[in-house]
Number of protein chains: 2
Amino acid sequence: MTTDRTDAAAVAEATTPESGIADPIPEATLARLPIYMRGLLEVAGDGVTTVSSRRLADLSGVNAAKVRKDLSYVGTRGTRGVGYEVDRLIREIGMVLSGEVTPVVIIGVGNLGRALSRYDGFVAGGFPVLALVDADSSMVGRRIAGVIVSHVDDLGKVVAETGCLLGIVATPAHAAQVAVDGLIAAGIRSILNFAPAVVSVPAEVELRKVDLATELQILGYHEHRREAANPQQVA
Amino acid sequence: MTTDRTDAAAVAEATTPESGIADPIPEATLARLPIYMRGLLEVAGDGVTTVSSRRLADLSGVNAAKVRKDLSYVGTRGTRGVGYEVDRLIREIGMVLSGEVTPVVIIGVGNLGRALSRYDGFVAGGFPVLALVDADSSMVGRRIAGVIVSHVDDLGKVVAETGCLLGIVATPAHAAQVAVDGLIAAGIRSILNFAPAVVSVPAEVELRKVDLATELQILGYHEHRREAANPQQVA
DNA sequence: AAGCGATTGTGCACGCATTCACATGCATGG
DNA sequence: CCATGCATGTGAATGCGTGCACAATCGCTT
């Protein structure tokens, strides 16, 4: 797989046939694939074998054309006049988004960290939480969701042992940057940050952010906006 | 992502003078305002009285031009050659995003719901969790983060009593639609959904979504991509 | 009083994402 | 074996968000 490491490699993988690396799936599409997957698994459970883009769109709450364009990126082709084969779609999408099980480490076992470590959706989605670390020594040794909490100083060791590839930061804001640096030092290059803080990472590290307070604030904005517009109406 | 904005109304109120309702702040800008706010509060704590767009940009991890354009939406004007007045910016941004305290109700007190109800960031951001409900009778009556859990059947009553304007759905996927319908029936028109399910709401209801599993899947995709490209290198 | 350095405010162009609209092509029925 | 209907795949138009680049403008210094 890919022995030519020239700068032309990037160009070459545009429409690589089957040489290994291939697709540059748009971020927006990527974010919808898991949604499609859920819908597909649902109809598959009902014994349905084919779906139209229209049907899948309804299940996912999006536009039918968008579904088709999205699916065109994953490579699967549907059958005109019929639709897409459910089983195959599930297989192909599943292959695109981390086909196998990808273990996760969580830094910070406060309220949020504990909840995340017990969140069923992660393991169900193929992301078992295999490691927990915290800076608080009184937490170390505790067992949460079947996993023993280690000290953050042992992060490198724990990550190496469990083979975690993804890191979740669930620390207070002031500890976020340190936590991220630690993850990177431990070899993690994909990080999901729940701490309400701006952290900086080297370019080769993928950092995504979930900001709970911000979500509420955006909702609050719209809510106040509506209140200002309408007089009032207690349901 | 998430959030469907039908700008039918937004167009009409384009540049209302001061008739009450006014600004149509872009969604992207809105999402950054809380970040700016954090940076501003930080420098304000250090006694700084003015910031340049450059400085604020560095603190927020964004582009300076973006900061200026964003701030132009909130109305505040800076002083050329000097920068923006910190105190005023804090006040103005604070006014834009739900100037006052906005109470929140959480449906579902499983792992996630409990964690959210104890999350300090909410109350710190002006979103105290004043009500908790669950469908499980064994949960009803329990006290979590100082709030007694009520039964979901009493949702309307609880919402009315506490004056909650925002709803958070933290139920399992299969209960999400019912939960959302309940919130709407109770008069809530701004909802944050953590359940991994597609739910439908009437047009006048604002629905945002936080999909934890999807976030990991996107990270997983990029991680696998990198692995496929590079040979391997255990730090 | 006037110039100078600094920083804002914004016009413009580019790129990504969404959506429409339609030709292409497959499967089924007569 | 051909016609017909239905759903795919995609070209093209539109809109939003981003970031550059620069003129306008302010405070400060001389």
Side-chain angles (χ1 to χ4, degrees), chain A residues 10 14-15 23-33 35-36 39-40 43 48-86 88-89 92-93 209 214 218, chain B residues 1-11 14-15 23-33 35-36 39-40 43 48-86 88-89 92-93 214 218 222:
Chain A
T15 319
D23 31 23
I25 298 185
E27 203 72 16
T29 293
L30 208 48
R32 281 186 296 266
L33 291 184
I35 315 288
Y36 298 153
L40 289 168
V43 298
V48 178
T49 61
T50 63
V51 281
S52 65
S53 60
R54 180 77 197 294
R55 177 102 182 81
L56 192 49
D58 288 345
L59 283 172
S60 311
V62 301
N63 183 290
K66 204 185 292 186
V67 170
R68 290 198 294 275
K69 194 154 282 190
D70 284 344
L71 293 185
S72 77
Y73 288 119
V74 316
T76 314
R77 301 268 142 168
T79 307
R80 288 163 194 250
V82 178
Y84 300 86
E85 197 183 331
V86 174
R88 204 168 88 165
L89 257 194
E92 306 247 9
I93 295 181
K209 191 182 133 196
T214 292
I218 295 174
Chain B
M1 43 190 104
T2 341
T3 317
D4 317 279
R5 279 298 66 204
T6 334
D7 300 278
V11 175
T15 318
D23 31 24
I25 297 186
E27 203 72 16
T29 293
L30 208 48
R32 281 187 295 267
L33 291 184
I35 315 288
Y36 299 153
L40 289 168
V43 299
V48 178
T49 60
T50 63
V51 281
S52 64
S53 60
R54 180 77 198 296
R55 176 100 181 82
L56 191 50
D58 289 345
L59 283 171
S60 311
V62 302
N63 182 287
K66 206 185 291 185
V67 170
R68 290 198 293 275
K69 197 157 282 187
D70 285 344
L71 293 185
S72 78
Y73 288 119
V74 316
T76 315
R77 300 269 142 169
T79 308
R80 289 162 193 250
V82 178
Y84 299 86
E85 199 182 332
V86 175
R88 203 169 88 165
L89 257 194
E92 306 247 10
I93 295 182
T214 292
I218 294 175
H222 291 299

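Every heavy atom of this structure was used, including side-chain atoms; hydrogens, water molecules and symmetry mates were not. Quick caveat, the model's predicted, so the values are computed rather than measured. Proteins come first, then strands; the chains are lettered A, B, ... in the order of their sequence lines, and each starts at number 1.
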Distance from [X] atom [atom1] to [Y] atom [atom2], nearest 0.5 Å?
{"X": "B:Asp70", "Y": "B:Asn63", "atom1": "CG", "atom2": "CG", "value": "10.0 Å"}
{"X": "B:Glu92", "Y": "B:Leu40", "atom1": "CD", "atom2": "CG", "value": "11.5 Å"}
{"X": "A:Leu71", "Y": "A:Tyr36", "atom1": "CG", "atom2": "OH", "value": "6.5 Å"}
{"X": "A:Lys66", "Y": "A:Thr29", "atom1": "NZ", "atom2": "OG1", "value": "9.0 Å"}
{"X": "A:Arg88", "Y": "A:Thr50", "atom1": "CZ", "atom2": "OG1", "value": "12.5 Å"}

**OP:** Name every residue in residues 50-57 of chain B that has at least one heavy atom under 4.0 Å from any atom of DNA chain D, in order of residue number, or write none if there are no such residues.
**Re:**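 When residues 50-57 of chain B is checked for heavy atoms under 4.0 Å from DNA chain D, there are no hits whatsoever.
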**OP:** Check each residue of residues 66-77 of chain A for a non-hydrogen atom within less than 4.0 Å of any atom in DNA chain D, then write out the ones that pass by number, or none.
**Re:**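 Contacts with DNA chain D under 4.0 Å: A:Arg68, A:Lys69, A:Arg77.
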Atom of [X], atom of [Y] and distance for their closest heavy-atom approach:
{"X": "A:Ser60", "Y": "A:Ile35", "value": "CB-CG2, 3.8 Å"}
{"X": "A:Ser53", "Y": "A:Ala64", "value": "CB-O, 3.9 Å"}
{"X": "A:Arg68", "Y": "A:Tyr84", "value": "CG-OH, 3.7 Å"}

Subject >> Whichever of A:Val82 and A:Ala65 has its nearest DNA chain C nucleotide further upstream toward 5' >> reply: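 Of the two residues, A:Ala65 wins.
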Original post:
Quick one: does A:Arg80 reach the base of D:dT8 with a side-chain donor-acceptor pair under 3.5 Å?
Top reply: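 Yes, the side chain and the base share a sub-3.5 Å donor-acceptor pair.
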**OP:** Check whether any side-chain N or O of A:Tyr84 sits under 4.0 Å from OP1 or OP2 of D:dG9, and answer yes or no.
**Re:**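 Yes, such a contact exists.
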**OP:** Taking the side chain as every heavy atom from C-beta outward, state whether A:Thr79 and A:Glu85 have any atom pair closer than 4.5 Å.
**Re:**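 Of all side-chain heavy-atom pairs linking A:Glu85 with A:Thr79, none is under 4.5 Å.
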Original post:
Rounded to whole angstrom units, what separation is found between the CG atom of B:Asn63 and the P atom of D:dA21?
Top reply: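 Atom CG in B:Asn63 sits about 11 Å away from atom P in D:dA21.
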**OP:** State whether the number of non-hydrogen atoms from other residues, nucleotides or ligands found under 6.0 Å of A:Arg54 atom CZ is greater than 12.
**Re:**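 Open: at most 12 neighbouring heavy atoms sit under 6.0 Å from CZ of A:Arg54.
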Original post:
What is the 5' to 3' range of DNA chain C, first to last nucleotide, that sits under 4.0 Å from any heavy atom of chain B?
Top reply: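 Terminal contacting nucleotides, 5' to 3': C:dA6 to C:dC12.
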